[in-house]
Asker: 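Have a look at the structure that comes next, please.
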Amino acid sequence: MIHQADHQFMVRALRLAERGLYTTDPNPRVGCVLVRDGEIVGEGWHERAGGPHAEIRALTQAGERARGATAYVTLEPCCHHGRTPPCSDALIRAGVTRVVAAMADPNPRVAGQGLAQLAAAGMAVESGVLQAQAEALNPGFIMRMRRGRPFVRCKLAMSLDGRTAMASGESKWITAEAARHDVQHLRARSSAIMTGIGTVLADDPSLMVRLEGVDTRQPLRVVVDSRLRIPPKARLLDAPGRTMIATAAQEPLRDAALIRDNVSIMARPAPQGGVDLSAVMAYLAEQEVNEVLVEAGPTLSGALLQAELIDELIIYMAPHLMGGAARGLFHLPELVSMDQRIGLEILDIRAVGRDWRITATVGRL
């Protein structure tokens with residue numbers, strides 16, 4: 001039976017899980033709180049893959065006080081041997097008598113079996129407490145487990161009249177410093193950052209995370225480059241971390257200047273020409289990529305939108321006008337009637353410095 005206190009302690013577990021926002025990849029972000037007689041006796045969160053899970057850290061802190069306690073976990077405890085032993089076994093050995101999970105684990109290797117094992121051991125088991133909030137913490141992990149592709153978040157910066165660059169291609173800087181710093185947090189939580197060859201040739205970005213005082217890692221950089229035009233001296237090729245080039249070229253390894261330890265080239269030609277973006281996303285999921293942040297121009301952004309591969313839009317809107325000749329957000333085929341419009345559901349609008357950040361999901365009207 002769910003009580004008001006269950007919500008209170010699950011909120012605490014969710015706040016703990018958030019501490020792993022930048023570090024747990026490719027594992028999910030998970031928090032755990034152990035409560036006995038209304039008092040928190042242990043808590044923990046999963047920090048990074050290969051390290052102790054949230055339940056183990058909470059049990060270690062609680063020690064003997066875990067016996068007879070209730071465990072509040074933001075994700076169903078694992079019941080299989082992965083990088084670490086099963087958490088379900090540890091909870092049983094510790095004498096925990098009740099487990100409240102925010103959501104079932106979408107991983108087919110768990111998928112309710114962890115909770116079933118706990119119930120079979122005599123524990124009281126509850127699930128679904130603040131489930132929506134728990135799912136919002138791990139959209140990429142859930143998407144990868146359920147649909148075999150990462151969660152794709154497309155970041156765009158535009159003027160008030162919807163322009164992303166001048167006709168010449170000049171785009172630095174549309175938004176102010178506060179918005180550009182905000183993007184670093186999007187990069188830090190992402191498993192991979194994707195861009196197109198047009199952006200590489202025009203801006204030569206490094207696509208690195210720059211957050212002082214924040215424990216993070218450099219996401220995989222993915223360049224969609226159908227004809228393999230990327231210059232061997234492009235900054236992102238020599239930046240810390242790994243770079244993957246997705247191409248349609250039939251002989252992708254012919255340019256020896258691109259071959260280096262941190263660079264891989266993947267040929268995924270589409271039947272109609274160009275790069276098969278769905279195949280690229282499926283491959284990234286196989287590499288345990290949970291969340292992809294797209295930072296690209298209108299061509300790649302438009303192609304992903306047409307392929308129905310964008311799950312969320314983050315649009316930074318600056319308070320200025322760039323004129324009718326400037327470039328738009330997406331390169332799309334002509335929409336000739338109102339029923340062809342692409343609908344958006346606005347989830348959040350907030351000020352970021354002098355600019356505005358709009359968060360939206362994509363769907364047909």
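Below, all heavy atoms of this structure are taken into account, side chains as well, without hydrogens, waters or symmetry copies. We're numbering straight along the sequence, starting at 1. Being a predicted model, the structure only gives us computed values, none of them experimental.
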Asker: For salt bridge (Lys or Arg N to Asp or Glu O under 4.0 Å), just list the numbers for Glu177 and Arg180, CA-CA rounded to whole Å, side-chain angles, deciding distance to a tenth of an Å, and then say yes or no.
Answerer: CA-CA 5 Å; Glu177 185 175 350; Arg180 299 199 298 274; 5.3 Å; no

Asker: Once salt bridge (Lys or Arg N to Asp or Glu O under 4.0 Å) is applied, do any residues pair with Asp225, and if so which ones, sequence neighbours excluded?
Answerer: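 Result, salt bridge (Lys or Arg N to Asp or Glu O under 4.0 Å) vs Asp225: none returned.
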
Asker: Who are the salt bridge (Lys or Arg N to Asp or Glu O under 4.0 Å) partners of Arg67, not counting sequence neighbours?
Answerer: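 Partners of Arg67 under the salt bridge (Lys or Arg N to Asp or Glu O under 4.0 Å) test: none.
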
Asker: What residues, two or more places apart in sequence or in another chain, satisfy salt bridge (Lys or Arg N to Asp or Glu O under 4.0 Å) together with Arg163?
Answerer: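 So Arg163 forms no salt bridge (Lys or Arg N to Asp or Glu O under 4.0 Å) with any residue.
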
Asker: Write down the atom of Leu91, the atom of Pro77, and the distance for their closest heavy-atom approach.
Answerer: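 Where Leu91 meets Pro77 most closely, the heavy atoms are CD1-CG, 3.7 Å.
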
Asker: Under 3.5 Å, which donor-acceptor pairs link side chains of residues 232-244 to any protein atom two or more places apart or in another chain?
Answerer:
from   : atom 1 : to     : atom 2 : distance (Å)
Arg235 : NE     : Asp204 : O      : 2.9
Arg235 : NH2    : Asp204 : O      : 3.3
Asp238 : OD1    : Arg260 : NH1    : 2.7
Asp238 : OD2    : Arg260 : NH1    : 3.4
Thr243 : OG1    : Arg221 : NE     : 3.0
Thr243 : OG1    : Arg221 : NH2    : 3.2
Thr243 : OG1    : Leu236 : O      : 3.0

Asker: According to the interplanar angle, ranging from 0 to 90°, do the rings of Tyr22 and His185 count as parallel (below 30°), tilted (30 to 60°) or perpendicular (above 60°)?
Answerer: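 Because their plane-to-plane angle lies in the 30° to 60° range, the rings of Tyr22 and His185 count as tilted.
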
Asker: Taking only residues two or more places apart in sequence, or in another chain, which ones meet Arg189 in a salt bridge (Lys or Arg N to Asp or Glu O under 4.0 Å)?
Answerer: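 In terms of salt bridge (Lys or Arg N to Asp or Glu O under 4.0 Å), with neighbours along the sequence ignored, Arg189 is linked to Glu291.
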
Asker: Which residues satisfy the ring-ring contact (aromatic ring centres under 6.0 Å, His included) test with His320, sequence neighbours excluded?
Answerer: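 Scan of His320 (ring-ring contact (aromatic ring centres under 6.0 Å, His included), adjacent residues dropped) gives none.
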
Asker: Please determine, by modelled atom types, if Asp105 and Gln113 share a side-chain donor-acceptor pair under 3.5 angstrom.
Answerer: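 The answer is no; no qualifying pair exists.
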
Asker: Would Leu130 end up clustered with Leu75 when hydrophobic side chains under 4.5 Å apart are linked, directly or stepwise?
Answerer: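 No.
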
Asker: Would a distance-only check, ignoring hydrogens and angles, find a side-chain to backbone donor-acceptor pair under 3.5 Å from Thr74 to Gly31?
Answerer: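 Yes, because the side chain of Thr74 sits within donor-acceptor range (under 3.5 Å) of the backbone of Gly31.
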
Asker: Under 4.0 Å between a side-chain nitrogen and a carboxylate oxygen: does that hold for Asp6 and Arg98?
Answerer: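 Yes.
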
Asker: What pair of heavy atoms forms the shortest contact from Leu156 to Ser301, and how long is it?
Answerer: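 Reported closest heavy-atom pair: CD2-OG, 3.9 Å.
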
Asker: Going by side-chain hydrogen bond (donor to acceptor under 3.5 Å, both in side chains), name the residues that satisfy it together with Ser191, two or more places apart in sequence or in a different chain.
Answerer: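 Result, side-chain hydrogen bond (donor to acceptor under 3.5 Å, both in side chains) vs Ser191: Asp25.
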
Asker: Who passes side-chain hydrogen bond (donor to acceptor under 3.5 Å, both in side chains) against Arg12, sequence neighbours left out?
Answerer: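 Per chain and number, Arg12 pairs via side-chain hydrogen bond (donor to acceptor under 3.5 Å, both in side chains) with Glu43.
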
Asker: Which heavy-atom pair separates Val41 from Arg65 by the least distance, and what is that distance?
Answerer: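 Closest approach of Val41 to Arg65: O-NH2, 3.1 Å.
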
Asker: Checking Arg29 side chain against Leu137 main chain: does a donor-acceptor pair fall under 3.5 Å?
Answerer: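 Yes; judged by distance alone, with no hydrogens or angles, the pair exists.
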
Asker: When you check the side-chain N and O atoms of Gln4 and Gln8, is any donor under 3.5 Å from an acceptor?
Answerer: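 Note: Gln4 and Gln8 side chains miss the donor-acceptor criterion.
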
Asker: Other members of the hydrophobic cluster containing Met143, with the 4.5 Å side-chain heavy-atom rule, please.
Answerer: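 Reading the cluster by chain and number, Met143 sits alongside Phe151.
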
Asker: Tell me every residue that passes side-chain hydrogen bond (donor to acceptor under 3.5 Å, both in side chains) with His181, counting only those two or more places apart in sequence or in another chain.
Answerer: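 Once residues adjacent in sequence are excluded, His181 has no partner under the side-chain hydrogen bond (donor to acceptor under 3.5 Å, both in side chains) criterion.
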
Asker: If you count heavy atoms of other groups shown closer than 6.0 angstrom to CG of Asp37, is the number above 12?
Answerer: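 No, because the 6.0 Å sphere around CG of Asp37 holds 12 heavy atoms or fewer from other groups.
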
Asker: Main chain of Met208, side chain of Arg187: is a donor-acceptor contact present, judged purely on distance under 3.5 Å?
Answerer: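 Looks like yes, one N/O pair under 3.5 Å.
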
Asker: Which residues satisfy the ring-ring contact (aromatic ring centres under 6.0 Å, His included) test with Phe9, sequence neighbours excluded?
Answerer: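 Partners of Phe9 under the ring-ring contact (aromatic ring centres under 6.0 Å, His included) test: Tyr72.
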
Asker: About how many Å separate NE2 of His53 and CG of Asn27, when rounded to the nearest 0.5 Å?
Answerer: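 Rounded to the nearest 0.5 Å, the CG-NE2 separation comes to 5.5 Å.
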
Asker: For the residue pair Arg153 and Asp311, establish whether any side-chain heavy-atom pair is separated by less than 4.5 Å.
Answerer: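 Answer no - side chains too far apart.
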
Asker: Going only through I, L, V, M, F, W and Y residues with side-chain contacts under 4.5 Å, is there a path from Val289 to Met194?
Answerer: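 Yes, because Val289 and Met194 connect within a single hydrophobic cluster, where side-chain heavy atoms sit under 4.5 Å apart.
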
Asker: Indicate yes or no for a side-chain donor-acceptor contact from Gln184 to the backbone of Arg210 under 3.5 Å, with no hydrogens or angles considered.
Answerer: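 Here the side-chain-to-backbone pair exists.
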
Asker: When the side chains of residues 270-278 are checked against the rest of the protein, which donor-acceptor pairs come out under 3.5 Å, sequence neighbours left out?
Answerer:
from   : atom 1 : to     : atom 2 : distance (Å)
Asp276 : OD1    : Ser278 : N      : 3.2
Asp276 : OD1    : Ala279 : N      : 3.0

Asker: Answer yes or no: is there an ion pair linking Asp182 with Lys155, defined by an N-O contact shorter than 4.0 Å?
Answerer: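 A salt bridge is absent here (no side-chain N lies under 4.0 Å from a carboxylate O).
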
